[in-house]
Amino acid sequence: MRCLHRRALALVVVSIVAIAGCGGDDDDAAAEPTSTTQATVVADPTTTVPDEAACPSSEEPLRIVLVNDDGVVNPAIDAMVDLLGEQEGVELTIVAPAEERSGSSDQTTPGGATYQEASTPGGNPAYSVNGFPADAVAVALDDLALDPHLFVSGVNPGQNVGSLAAISGTVGVGRTAVRRGYPALAVSAGLEFDDEQFAYAAELGAEWIAENCAALVAGTAQTDTVTSINVPACPVAQMGPLQEVPRATEIAEGVNVFVSTCDQSDPAPATDVAALLAGYPSISQVEPDITPPGP
């Protein structure tokens with residue numbers, strides 16, 4: 001088991017770039033324009049390069065598609081946008097469901113989903129998908145013709161550990177992405193939105209991205225599993241260090257993974273569930289083909 005520690009991430013000013021037009025192809029949408037908006041957050045080229053860029057050895061930007069399963073209207077998505085969008089050398093495109101679709105696993109819309117321009121609660125431009133979270137993968141790749149180095153899903157309100165990963169729309173995005181041959185990261189925190197906790201979850205995700213950036217840009221990052229980070233429902237100051245642990249195959253009856261003792265009472269948690277219960281953030285691998293728990 002490996003223990004990973006939090007480190008500071010340098011931030012820079014960003015600008016939001018949009019090319020005129022709109023997306024979507026359903027009958028109720030407006031007539032299709034001659035161009036399509038690419039709602040993308042990119043680093044301002046006039047800013048000073050920080051001490052630590054997202055991918056300092058790369059001459060091309062790290063292209064990320066950001067999704068969630070709680071809808072483009074949920075403020076939790078901005079926790080990740082605020083951090084990733086402010087890193088030098090990151091090109092971020094937001095593609096998310098139009099409304100909450102939690103618990104939809106990797107379900108997709110027969111015939112594909114339509115989409116349109118939207119914005120997040122923080123005012124970041126996005127594409128809003130009229131379907132399931134996993135539909136956002138197809139919209140990004142097939143309709144918008146994006147070619148990201150990584151799909152990121154989250155920050156999701158509600159941890160997705162153990163057997164919950166099988167029904168999670170957040171993890172379902174990642175499972176769909178890796179089946180298409182794209183690396184994926186899912187990030188989840190507590191059920192109740194908390195600025196500090198969700199910002200820390202986003203920071204852990206950004207740290208993983210920085211550590212793996214060279215492989216992501218080179219196209220050599222693994223696509224066999226979804227990397228899943230989960231943060232316990234604790235004040236950040238009371239959390240232990242990030243634990244790299246296996247995903248639990250089941251959650252024991254009566255165990256509430258959304259509640260933690262926050263005391264690190266288990267110094268060597270064996271699974272993601274055990275880590276969260278004792279107050280540790282966890283990082284685990286989720287296989288793309290997992291069976292949801294029975295009734």
Side-chain angles (χ1 to χ4, degrees), residues 2 4 62-70 76-77 80 84 92-97 101-108 132-141 146-189 201-202 204-213 215-217 219-231 242-251 257 271-273 275-276 281-293:
R2 184 161 59 93
L4 305 177
L62 175 66
R63 300 185 299 274
I64 297 175
V65 170
L66 179 63
V67 192
N68 72 356
D69 73 353
D70 291 283
I77 197 170
M80 191 66 78
L84 293 183
L92 187 65
T93 306
I94 305 166
V95 187
R101 290 297 184 97
S102 299
S104 58
S105 187
D106 58 347
Q107 184 175 352
T108 56
F132 299 100
D135 284 322
V137 176
V139 168
L141 298 179
L146 301 176
D147 185 25
H149 296 111
L150 174 69
F151 277 88
V152 176
S153 186
V155 175
N156 177 70
Q159 296 90 339
N160 290 299
V161 293
S163 54
L164 295 178
I167 61 175
S168 164
T170 297
V171 179
V173 168
R175 292 166 58 202
T176 304
V178 296
R179 291 194 197 107
R180 295 285 301 264
Y182 289 85
L185 171 69
V187 184
S188 304
L204 291 177
E207 180 174 321
W208 179 91
I209 293 170
E211 291 171 349
N212 291 275
C213 189
L216 290 168
V217 172
T220 59
Q222 68 89 14
T223 57
D224 295 327
T225 58
V226 179
T227 299
S228 180
I229 294 175
N230 287 276
V231 172
L242 181 66
Q243 301 291 313
E244 185 171 358
V245 289
R247 180 180 67 87
T249 56
E250 61 182 4
I251 300 174
V257 299
T271 66
D272 55 354
V273 170
L276 254 63
S282 69
I283 182 167
S284 306
Q285 300 302 316
V286 182
E287 59 273 31
D289 296 313
I290 52 178
T291 304

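Only heavy atoms go into these numbers, but all of them, side chains included; no hydrogens, no water, no symmetry mates.
- In plain terms, the two heavy atoms of C213 and L62 that are nearest each other are SG-CD2, 3.9 Å.
- With rounding to the nearest 0.5 Å, the separation of CG in L146 from CD1 in I64 is 12.5 Å.
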Exercise for review: Under the side chain to side chain contact (heavy atoms under 4.5 Å, CB included) rule, what do D69 and V173 come out as? Steps first, then yes or no, please.
Suggested key: CA-CA 8 Å; D69 73 353; V173 168; 5.7 Å; no
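- Listed here is the closest heavy atom pair of V95 and V139: CG1-CG1, 4.1 Å.
- Taking CG of D106 as the start and CG of D135 as the end, the distance is 10.5 Å to the nearest 0.5 Å.
- Contact detail for G174 and V226: the closest heavy-atom pair is C-CG2, 3.2 Å.
- Applying the side-chain hydrogen bond (donor to acceptor under 3.5 Å, both in side chains) criterion to R247, with sequence neighbours excluded, gives E287.
- Residues P133 and P97 share a closest heavy-atom pair of CA-CG, 3.7 Å.
- With sequence neighbours excluded, no residue satisfies salt bridge (charged side-chain N to carboxylate O under 4.0 Å, His left out) with D224.
- For D70, there are no salt bridge (charged side-chain N to carboxylate O under 4.0 Å, His left out) partners, not counting sequence neighbours.
- Here CG of L164 is found 4.0 Å from CD1 of I251. Values are rounded to the nearest 0.5 Å.
- We find the CD1-CG distance between I77 and L66 to be 4.5 Å, quoted to the nearest 0.5 Å.
- Within the structure, salt bridge (charged side-chain N to carboxylate O under 4.0 Å, His left out) contacts touching residues 147-166 (residues at least two apart or in different chains) are R63-D147.
- Between L92 and M80 there is no side-chain heavy-atom pair separated by less than 4.5 Å.
- Side-chain contact between D289 and R179: present, with at least one pair of heavy atoms (C-beta onward) separated by less than 4.5 Å.
- The side-chain hydrogen bond (donor to acceptor under 3.5 Å, both in side chains) check on T227 picks up Q285, with sequence neighbours excluded.
- Applying the ring pair (Phe, Tyr, Trp, His ring centres under 6.0 Å) rule to F151 yields the partners Y182; only residues at least two apart in sequence or on another chain are considered.
- A pairwise comparison of heavy atoms in L185 and G205 identifies CD2-O, 3.7 Å as the closest pair.
- Just one residue in the list T271, V171, D272, V286 forms a side-chain contact (heavy atoms from CB on, under 4.5 Å) with V161, and that residue is D272.
- Between atom CD1 of residue I283 and atom CD1 of residue I229 there is a gap of 4.0 Å, rounded to the nearest 0.5 Å.
- For the side-chain hydrogen bond (donor to acceptor under 3.5 Å, both in side chains) test, residues two or more places apart in sequence or in another chain that qualify with S168 are N160.
- Taking the side-chain contact (heavy atoms from CB on, under 4.5 Å) definition, one finds that A134 meets it with T108, T176, sequence neighbours left out.
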Practice item. Please test E250 against V273 for side chain to side chain contact (heavy atoms under 4.5 Å, CB included), starting from the C-alpha separation and ending with a verdict. Key: CA-CA 9 Å; E250 61 182 4; V273 170; over 6 Å; no
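- From Q159, atom CD reaches atom OG1 of T170 across 11.5 Å, with rounding to the nearest 0.5 Å.
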Review point. Could you go step by step and tell me if V231 and V155 meet the side chain to side chain contact (heavy atoms under 4.5 Å, CB included) rule?
Key: CA-CA 10 Å; V231 172; V155 175; over 6 Å; no
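- Across all non-hydrogen atoms, the minimal contact from V187 to A201 is CG1-O, 3.5 Å.
- Scored by the side-chain hydrogen bond (donor to acceptor under 3.5 Å, both in side chains) test, N68 finds no partners at all (sequence neighbours excluded).
- For R180, the salt bridge (charged side-chain N to carboxylate O under 4.0 Å, His left out) criterion is met by D142, not counting sequence neighbours.
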